[in-house]
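These notes are about the structure you will find just below.
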Amino acid sequence: MTAWVLHVDMDQFLAAVEILRHPELAGKPVVVGGRGDPTERAVVSTASYEAREFGIRSGMPLKTAVRKCPDAVFLPVDFPVYEAASARVMETLRAHPGAVVELLGWDEAFVGIDTDDPEVTARAIQAAVLEATQLHCSVGIGDTKVRAKVATDFGKPRGTYRLTEDNWMEVMGDRPTKALWGVGPRIAERLASLGIRTVRDLAGAPDEPLIEEFGPNTGPHIGRLGRGAGSATVDDTPWVARAHGRETTYQHNLQSPEEIAAAIRVLADQVVEDIRAEGRACMRVHLKVRFAPFFTASRIRKLDEPTYDPAVIADTALALLAKLDDDRPIRLLGVRAEMVPPEGGYDPPRSHGRRGSP
DNA sequence: TCTGGGGTCCTAGGACCC
DNA sequence: TCTGGGGTCCTAGGACCC
């Protein structure tokens, strides 16, 4: 028996859930995003495969999507329904004998499992998820988390794919560094400035220039990504939130001090609901503001005393905003409350996009 | 036609103390 | 008159992911 990492990823998750309860939408271009109104300021959360054929992608403004496919069906994001579907999926994964399940998001998880035939296990998991939820998923198989995660894309839709030390370079070597999980456009650009463009370039790069460019922790981490190396340990410790925040893009830019203050109070009230539910007080307030046309700033302030008082959080956010001293119209405001850590701290300290050692 | 909302972690640099 | 290191706390801001 060998220890394997499986990465289970639901196919077109939000769109698939919507099609389940609206079967007449099967086969049609379906776009889930915002309030389902493509004339509003909002973006695509998930596009069905049919919608993707028109060039519609996640993160794209709804207004762009409707131009690409005027006949697409636009639906609002319905969080409670997706949460329920997600819970059934994760339950199913946990029920698989010997599986250790680490959630990565609503619609994906790592599954650690000892097996001689990971493809057979992957197929069994796909069948179990389909039976329990009528939803399809793809499964990446790897000898590390990074390789399993990257492998999933080659298995989509409804398939499996295996990436290990043996075929990593053959499959990934000529691809751009951006194809790696954890390398976004900015890091890809900085790597290119070092002459590193492909995964093979990165895998062969010595640590020193990476450390110089990205720092002592991140530099070697990025190098390891190029090799597909890294942790193979799937950790099922329940995730504990560090912070809760709310942000809103306004359909019309905010201009007057009164409407700005009112908007911040609304956000602070919502944030307090969330941290009360968590039972941990706010110790630091983060303000995020996007001025029109598109300049984003963020500021943080530690509170003298942890608090659940929405007025304190709102006043702190307003003070941070005042300090920015920028009177351009505002198109987005965000208030985030960093919470007091739980007794004994975060254990183990970890996260999804974890960077650095080990 | 401008570009969501929920998160996490990392790096750098200043302030301050010993 | 010039000026060491080490450590911690805090803020600013960047980057990534789903």
Side-chain angles (χ1 to χ4, degrees), chain A residues 7 9-10 12-14 31-46 57-68 76-77 79 82-83 86 103-109 145-146 149-150 152 177-178 180-191 211-222 225 239-251 253 267 270-271 274 283-290 292-304 320 323-324 331-339 346 349-357:
Chain A
H7 176 253
D9 194 30
M10 304 307 295
Q12 53 168 9
F13 182 54
L14 273 49
V31 177
V32 183
R35 295 191 283 190
D37 179 348
T39 67
E40 288 192 347
R41 285 178 175 171
V43 297
V44 175
S45 291
T46 304
R57 296 284 179 273
S58 297
M60 175 181 284
L62 293 184
K63 286 175 181 170
T64 309
V66 75
R67 263 192 307 117
K68 287 182 177 291
V77 176
F79 294 96
Y82 313 139
E83 267 161 22
S86 171
L103 272 55
L104 272 186
W106 260 0
D107 66 336
E108 59 178 299
K145 284 178 170 175
V146 169
K149 168 77 184 170
V150 173
T152 307
T177 55
K178 175 81 180 63
L180 295 165
W181 182 43
V183 177
R186 183 62 188 135
I187 287 177
E189 191 182 302
R190 288 166 72 184
L191 285 169
I211 288 171
E212 194 172 331
E213 179 65 28
F214 299 103
N217 215 348
T218 304
H221 172 71
I222 293 171
L225 288 179
W239 172 71
V240 178
R242 269 66 168 168
H244 287 295
R246 290 296 184 97
E247 60 184 73
T248 302
T249 297
Y250 301 98
Q251 293 302 320
N253 297 339
L267 293 168
Q270 294 171 338
V271 162
D274 291 345
M283 82 184 178
R284 263 198 288 240
V285 175
H286 301 230
L287 170 78
K288 180 171 161 185
V289 51
R290 184 122 73 209
F294 212 74
F295 170 73
T296 305
S298 63
R299 290 293 184 274
I300 305 176
R301 181 167 295 172
K302 186 179 195 297
L303 299 174
D304 296 332
L320 288 169
K323 225 175 63 171
L324 285 173
R331 51 176 293 135
L332 171 148
L333 283 171
V335 174
R336 171 175 304 276
E338 194 176 327
M339 293 176 288
Y346 296 105
R350 68 194 190 87
S351 86
H352 314 326
R354 185 170 172 76
R355 172 159 301 155
S357 57

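Numbers restart at 1 for each chain; the letters A, B, ... are given by sequence-line order, proteins then strands.
- Residue contacts shown for A:Arg336 include a base, since a base heavy atom lies under 4.0 Å away.
- Among the protein residues, A:Ala241 comes within range of the sugar-phosphate backbone only, with heavy atoms under 4.0 Å from sugar or phosphate atoms but none that close to a base.
- A distance-only check finds a donor-acceptor pair linking the side chain of A:Gln251 to the backbone of A:Arg41 [under 3.5 Å].
- Nucleic acid contact for A:Pro293: base, since at least one base atom lies under 4.0 Å from a heavy atom of the residue.
- Considering OH of A:Tyr250 and CG of A:Leu333, their distance stands at 4.5 Å, rounded to 0.5 Å.
- For A:Arg331, a side-chain nitrogen or oxygen approaches OP1 or OP2 of B:dG4 to under 4.0 Å.
- Qualifying salt bridge (charged side-chain N to carboxylate O under 4.0 Å, His left out) partners for A:Asp274, counting only residues two or more places apart in sequence or in other chains: A:Arg246.
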Under 3.5 Å for both distances, Watson-Crick or G-U wobble, that's the pair rule; now give the dot-bracket for DNA chain B, with | marking pairs to another strand and [ ] for crossing ones. ....||||||||||||||
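- In this structure, A:Val240 and A:Gly215 both approach DNA chain B, and ranking their closest nucleotides by distance from the 5' end singles out A:Val240.
- Residue contacts shown for A:Gly184 are limited to sugar-phosphate atoms, with no base heavy atom under 4.0 Å away.
- No engagement by A:Ser58 is indicated, since no non-hydrogen atom pair under 4.0 Å with the nucleic acid exists.
- In terms of the side chain to side chain donor-acceptor pair (under 3.5 Å) criterion, residue partners of A:Thr152 (sequence neighbours excluded) are, by chain and number, A:His7.
- The salt bridge (charged side-chain N to carboxylate O under 4.0 Å, His left out) search around A:Glu212 returns none, not counting sequence neighbours.
- Partners of A:Arg190 according to the salt bridge (charged side-chain N to carboxylate O under 4.0 Å, His left out) rule, which considers only residues two or more places apart in sequence or in another chain, are A:Glu213.
- Rounded to an integer number of Å, the gap from CD of A:Glu83 to P of C:dC18 is 18 Å.
- A donor-acceptor distance shorter than 3.5 angstrom exists from the side chain of A:Ser86 to the backbone of A:Trp106, with no hydrogens or angles considered.
- Heavy atoms of A:Leu324 sit nowhere under 4.0 angstrom from any nucleic acid atom.
- Take A:Glu189 and apply the side chain to side chain contact (heavy atoms under 4.5 Å, CB included) test, not counting sequence neighbours, and it matches A:Arg186.
- For A:Val43, the side-chain atoms get nearest to B:dT3 when compared with the rest of B:dT3, C:dA15, C:dC17.
- A:Val77 comes within contact range of no nucleotide atom at all, as no heavy-atom separation falls under 4.0 Å.
- Under the side chain to side chain donor-acceptor pair (under 3.5 Å) criterion, A:Arg301 pairs with no residue at all, not counting sequence neighbours.
- If A:Phe79 and A:Glu212 are placed on DNA chain B by their nearest nucleotide, the residue sitting closer to the 5' end is A:Phe79.
- The side chain of A:Thr64 lies closest to B:dT1, out of B:dG5, B:dG4, B:dT1.
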Might you list the N or O atoms of the protein lying below 3.5 Å from N or O atoms in nucleotides 6-11 of chain C, with each pair's distance?
| unit_1 | atom_1 | unit_2 | atom_2 | d |
| --- | --- | --- | --- | --- |
| C:dT11 | OP1 | A:Lys302 | N | 3.1 |
| C:dT11 | OP2 | A:Lys302 | N | 3.3 |

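- Residues passing the side chain to side chain donor-acceptor pair (under 3.5 Å) test with A:Ser58: none are found, sequence neighbours excluded.
- In this structure, the nucleotide among C:dA15, B:dG4, B:dT3 sitting nearest to the side chain of A:Ser45 is B:dG4.
- The residue A:Leu332 sits close only to the backbone: its heavy atoms come under 4.0 Å of sugar-phosphate atoms, none of a base.
- In this structure, A:Trp181 does not count as stacked on the base of C:dC17 under the 5.5 Å centre distance and 30° plane angle limits.
- Classified by its glycosidic torsion, B:dC2 falls in the syn category, the angle being within 90° of 0.
- OP1 or OP2 of B:dG4 sits under 4.0 Å from a side-chain N or O of A:Arg290.
- Phosphate proximity of B:dT1 to A:Arg41: absent, as no side-chain N or O sits under 4.0 Å from OP1 or OP2.
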